[in-house]
Number of protein chains: 2
Amino acid sequence: MSNEKISTQPYKGTRDFYPEDMKLRNWFFGKIRESLELSSFEEYNAPMLESLELYIAKSGEELAKEQTYNFVDRGGRMLAIRPEMTPSVARMVAAKAGELNYPLKWFSIPNMYRYERPQRGRLREFWQLNVDIFGCDGFEADFDVIESAIRMLKSFGADESMFRVHINNRRFFNDVIAAIANTDTEGARRISKVVDRKGKVTREAYEKDMAELGVDADKLATLDSLYTMSVREATALCPESVGSGELLSLFDLLEKTGLDKYCVFDFGIVRGLDYYTGTVFEVFDEAPENNRAMFGGGRYDNLVGLFVKNAKISGVGYGMGDVTLENFLVTHNLVPNLYAAGTKVLVARFDDVPMEHYVAVTEALREAGITSTVYVGMKKFGKQIDFAVKEHFSHVVILGASELEKNIVKIKNLETREESEVSMDALAAFFGK
Amino acid sequence: MSNEKISTQPYKGTRDFYPEDMKLRNWFFGKIRESLELSSFEEYNAPMLESLELYIAKSGEELAKEQTYNFVDRGGRMLAIRPEMTPSVARMVAAKAGELNYPLKWFSIPNMYRYERPQRGRLREFWQLNVDIFGCDGFEADFDVIESAIRMLKSFGADESMFRVHINNRRFFNDVIAAIANTDTEGARRISKVVDRKGKVTREAYEKDMAELGVDADKLATLDSLYTMSVREATALCPESVGSGELLSLFDLLEKTGLDKYCVFDFGIVRGLDYYTGTVFEVFDEAPENNRAMFGGGRYDNLVGLFVKNAKISGVGYGMGDVTLENFLVTHNLVPNLYAAGTKVLVARFDDVPMEHYVAVTEALREAGITSTVYVGMKKFGKQIDFAVKEHFSHVVILGASELEKNIVKIKNLETREESEVSMDALAAFFGK
């Protein structure tokens with residue numbers, strides 16, 4: 001049945017995780033879990049396949065179909081491989097809306113697929129940390145998710161020179177534009193769209209669009225100045241806005257808890273116009289060679305209702321891709337040698353000693369909590385040592401016929417090259433167990 | 001954009017994992033990882049989407065298409081959501097066949113999809129532990145994977161009254177049939193097919209099929225007796241078979257290492273005729289109400305070559321579904337109260353104390369490694385206590401205006417109902433940190 005045409009490469013835009021790759025990922029996912037669980041976030045998960053409708057409800061049919069892997073099952077159901085987690089978690093919350101114990105502090109690290117052209121940091125299959133608080137309308141929840149992001153990055157050893165949380169507020173954004181332009185909601189909405197595209201067009205085109213919407217040079221100068229203002233200067237432009245109040249409360253708490261050194265007010269953070277309704281933020285990598293938004297999120301006041309009717313529950317949270325985090329950790333030299341710590345013992349095999357004696361050695365070591373294995377094969381001792389070195393074993397146990405007779409083993413430390421004779425009974429003790 | 005027609009239920013045959021479900025699954029996957037890593041198995045993973053060809057190579061086009069979720073991407077590639085892990089791992093080994101350091105001891109716990117009618121223990125989305133050793137042709141590897149399965153089940157507290165490993169050998173199976181029927185390879189192959197179907201047809205039909213293949217009543221009686229024979233009695237029927245030698249070596253080592261109490265020779269274990277080439281085994285649940293094979297595996301002498309040419313590498317291993325394991329653990333009462341252990345502190349909130357004081361408490365607790373959160377909301381104290389009880393918090397910290405003035409907090413133990421006054425500086429010490 002073998003087929004010479006089968007490629008050994010993974011599907012375009014996806015990755016194989018060999019043990020070394022998996023060790024790295026397990027390490028950083030483990031640290032993320034630890035950090036979030038310490039703050040009482042709980043992990044959940046949902047199926048990889050969902051009804052396509054769920055994504056159409058958020059993004060419209062065209063985008064949902066274009067950006068997902070979707071197909072029709074034999075029962076005629078339109079399915080998609082999840083391209084993001086928010087619709088799934090909103091569905092889960094809606095399904096038990098009446099019985100859940102709010103506020104929910106939930107996280108997940110699911111794998112997902114986006115149908116797009118693979119490029120640096122954007123793969124077709126990726127894992128994404130999702131952190132959310134559901135059912136709390138106050139700024140305290142916004143603070144809590146931002147704090148969790150800072151704590152998580154700090155748990156890797158990152159400090160304020162390496163990342164910065166850029167914060168804005170969508171309510172404030174709309175209100176301050178309306179105030180400066182001296183226009184109504186609809187007028188402000190149109191101007192907001194132009195402001196949102198500011199970074200993507202020439203200054204000339206920007207000024208022309210603004211002039212057409214009645215924003216003269218003076219008003220434009222005020223709008224421009226928002227990008228360099230402190231949160232207090234900016235909110236002073238529309239002090240009566242609910243968004244201003246939320247921003248001031250949030251920054252006040254960040255200052256009083258000493259987290260302000262990781263944060264900055266940034267009028268340039270919008271995150272798309274149709275989704276978020278309150279706080280929005282993006283975490284930037286501060287490395288000069290990699291300075292850009294790594295991940296972000298914000299508040300949506302009726303998140304669950306966006307997908308499922310009759311379930312008005314707010315959400316505030318963020319999503320972070322595994323590739324982004326890995327790039328950050330590597331850029332800032334925050335990945336330790338994951339093979340350095342811990343004892344890992346290879347029990348070398350000689351053909352004149354029956355296998356059960358080797359099993360007895362690994363059994364004694366494992367019972368003491370020491371990682372070990374017999375060399376499962378029949379190569380010469382030198383090759384077994386090569387194997388041990390390549391596979392990051394710390395020690396090799398040598399048990400030949402002469403050692404067996406004396407009821408001892410030799411233990412070779414692969415780092416120091418020291419060799420010790422140890423009685424079978426003292427094996428675990430030798431490793432301090 | 002909300003849509004009243006969207007169902008809140010997960011897709012048929014899949015499950016949502018709410019925090020309680022996830023906690024259980026993380027617990028048992030965690031114990032599996034720990035157990036396997038102690039024996040120096042290393043974790044890997046592969047993409048959820050693979051080329052459909054990979055499954056056609058193993059199972060043929062009809063089965064591969066029928067049993068998988070498959071579709072064609074925009075580039076015309078035929079893809080399938082993985083229904084099993086073996087083809088992926090074989091592809092990965094083949095891709096680096098020349099540079100890997102054999103023998104490989106690898107495991108993975110991927111999610112996968114099978115397109116079948118959901119039923120007890122058989123869902124469309126499931127997780128499956130895969131444990132394999134690649135590149136060792138000796139029975140030691142067979143022993144090592146069987147030992148790993150026993151160790152894993154024992155790590156949950158299972159003992160020999162709860163499970164049994166039923167072991168056979170495909171080489172022995174073929175050889176002993178040929179010897180008893182006194183026929184050639186092709187004749188033995190035909191008889192094997194009938195033997196494999198024995199449990200699925202009436203005794204009458206079985207005897208008729210056998211008679212047609214020249215197996216008379218005497219020979220049939222000998223064949224029948226194999227099902228109750230010990231491994232030594234059975235192998236004595238064809239002592240020259242390589243399979244007999246493998247079985248005897250394996251059982252000899254199981255006896256000498258004391259693992260024989262978990263194992264039994266069982267001529268009824270075949271596991272399909274076209275795949276395995278040596279040792280085959282199935283792990284049975286011994287509970288009277290649930291007595292059946294939970295999972296199994298075996299040896300395939302050219303596993304990698306089955307999928308990709310020019311890569312002759314053997315494999316021996318097994319796969320176990322998450323639902324199967326969960327049923328076993330529940331049946332035998334092996335799931336502890338996962339909420340019992342550990343300190344988890346809710347910091348209750350009063351509206352006359354500024355938020356930063358609560359953040360200072362959680363900060364101090366988390367720095368000491370104690371799980372804690374401020375109650376992110378604004379409900380009355382009684383409701384906050386209800387929340388704490390439902391969410392399995394062990395303690396509630398009470399910090400009102402009067403406590404703040406005295407620089408203390410009250411700590412309420414939710415189990416004993418005891419209340420203690422503790423100074424802010426002594427918070428971590430109160431919890432023994």
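Lettering of chains follows the sequences in order, A, B, ..., and the numbering in each one begins at 1.
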Any sub-3.5 Å donor-acceptor pair from B:N70's side-chain atoms to B:K65's backbone N or O? yes

For chain B, which of A:L346, A:N45, A:D21, A:T373 has the most heavy-atom pairs under 4.5 Å? A:N45

Who wins among A:K379, A:M22, A:R91, A:K390 for the most heavy-atom pairs under 4.5 Å with chain B? A:R91

Examine whether an atom of B:K105 lies under 4.5 Å from a heavy atom of chain A, and if so say whether it belongs to the side chain, the backbone or both; otherwise answer neither. side chain

Can you tell if the side chain of B:S249 reaches within under 4.5 Å of the side chain of B:F143, non-hydrogen atoms only? no

Selection from A:Y113, A:W106, A:Y102 maximising heavy-atom pairs under 4.5 Å formed with chain B: A:Y113

Region of A:Y18 that comes under 4.5 Å of a non-hydrogen atom in chain B: both

Region of A:R74 in contact with chain B, defined by heavy-atom distances below 4.5 Å: both

What part of B:L79 is in contact with chain A, defined as an atom under 4.5 angstrom from a non-hydrogen atom: side chain, backbone, both or neither? side chain

I'd like to know if the side chain of B:Y11 pairs up with that of B:R124 as donor and acceptor (distance under 3.5 Å, no hydrogens or angles considered). yes

Can you tell me if A:E125 uses its side chain to pair, donor with acceptor, with the backbone of B:L49 under 3.5 Å? no

Between A:I370, A:D73, A:T14, which shows the greatest number of heavy-atom pairs under 4.5 Å with chain B? A:D73

I need the residue from B:A90, B:S39, B:G258, B:C136 with the largest number of non-hydrogen atom pairs under 4.5 Å to chain A. B:S39

Which answer fits B:D16, side chain, backbone, both or neither, if we ask what part of it has an atom under 4.5 Å from a heavy atom of chain A? both

Hey, do the aromatic rings of B:F41 and B:F107 have their centres closer than 6.0 Å? no

Heavy-atom pairs under 4.5 Å with chain A are the metric here; pick the option from B:R366, B:M355, B:E42 that has the most. B:R366

Under the side chain to side chain donor-acceptor pair (under 3.5 Å) test, residues paired with B:N101 that sit two or more places apart: A:E391

Where is the tightest heavy-atom contact between A:D322 and A:R25, given as atom of each residue plus distance? OD2-CD, 4.0 Å

Against chain A, label B:R15 side chain, backbone, both or neither, depending on which of its atoms sit under 4.5 Å from a heavy atom there. backbone

Under 4.5 Å from a heavy atom of chain B, the part of A:A141 involved: both

Least distance between heavy atoms, B:A94 atom then B:V304 atom: CB-CG1, 3.6 Å

For B:S35 versus B:S155, what's the shortest heavy-atom pair and its separation? CB-OG, 4.2 Å

Could you check which of A:R151, A:K23, A:E20 has the highest count of heavy-atom pairs closer than 4.5 Å to chain B? A:R151

Need one label for A:Q9: side chain, backbone, both or neither, based on atoms under 4.5 Å from any heavy atom in chain B. both

Which atoms of B:K344 come close to chain A, meaning under 4.5 Å heavy atom to heavy atom: side chain ones, backbone ones, both, or neither? side chain

Is it the backbone or the side chain of B:E34 that comes under 4.5 Å from a heavy atom of chain A, or both, or neither? neither

Of the listed residues (A:P10, A:G377, A:G138, A:A46), which shares the most heavy-atom pairs with chain B below a 4.5 Å separation? A:P10

Quick one, A:L36 and A:S148 - any side-chain contact, counting heavy atoms below 4.5 Å? yes

At a heavy-atom separation under 4.5 Å, does B:S51 approach chain A through its side chain, its backbone, both, or neither? neither

Only counting residues at least two apart or in another chain, list the ones meeting side chain to side chain donor-acceptor pair (under 3.5 Å) with A:T371. none

Counting only non-hydrogen atoms closer than 4.5 Å, does A:Y358 touch chain B with its backbone (N, CA, C, O), its side chain (CB onward), both, or neither? neither

Under a 3.5 Å distance rule, please check whether A:R82 uses its side chain to pair with a backbone N or O of A:N111 as donor and acceptor. yes

Polar side-chain atom of A:S59 near backbone of A:I56 as donor-acceptor pair, under 3.5 Å: no

Part of A:K12 lying under 4.5 Å from any heavy atom of chain B: side chain

For residues A:S40 and B:F393, determine if any side-chain heavy atom of one lies less than 4.5 Å from a side-chain heavy atom of the other. yes

So which part of B:F71 gets closer than 4.5 Å to some heavy atom of chain A, the side chain, the backbone, both or neither? side chain

Heavy-atom pairs under 4.5 Å with chain A - which of B:E50, B:M378, B:E363 has more of them than the others? B:E363

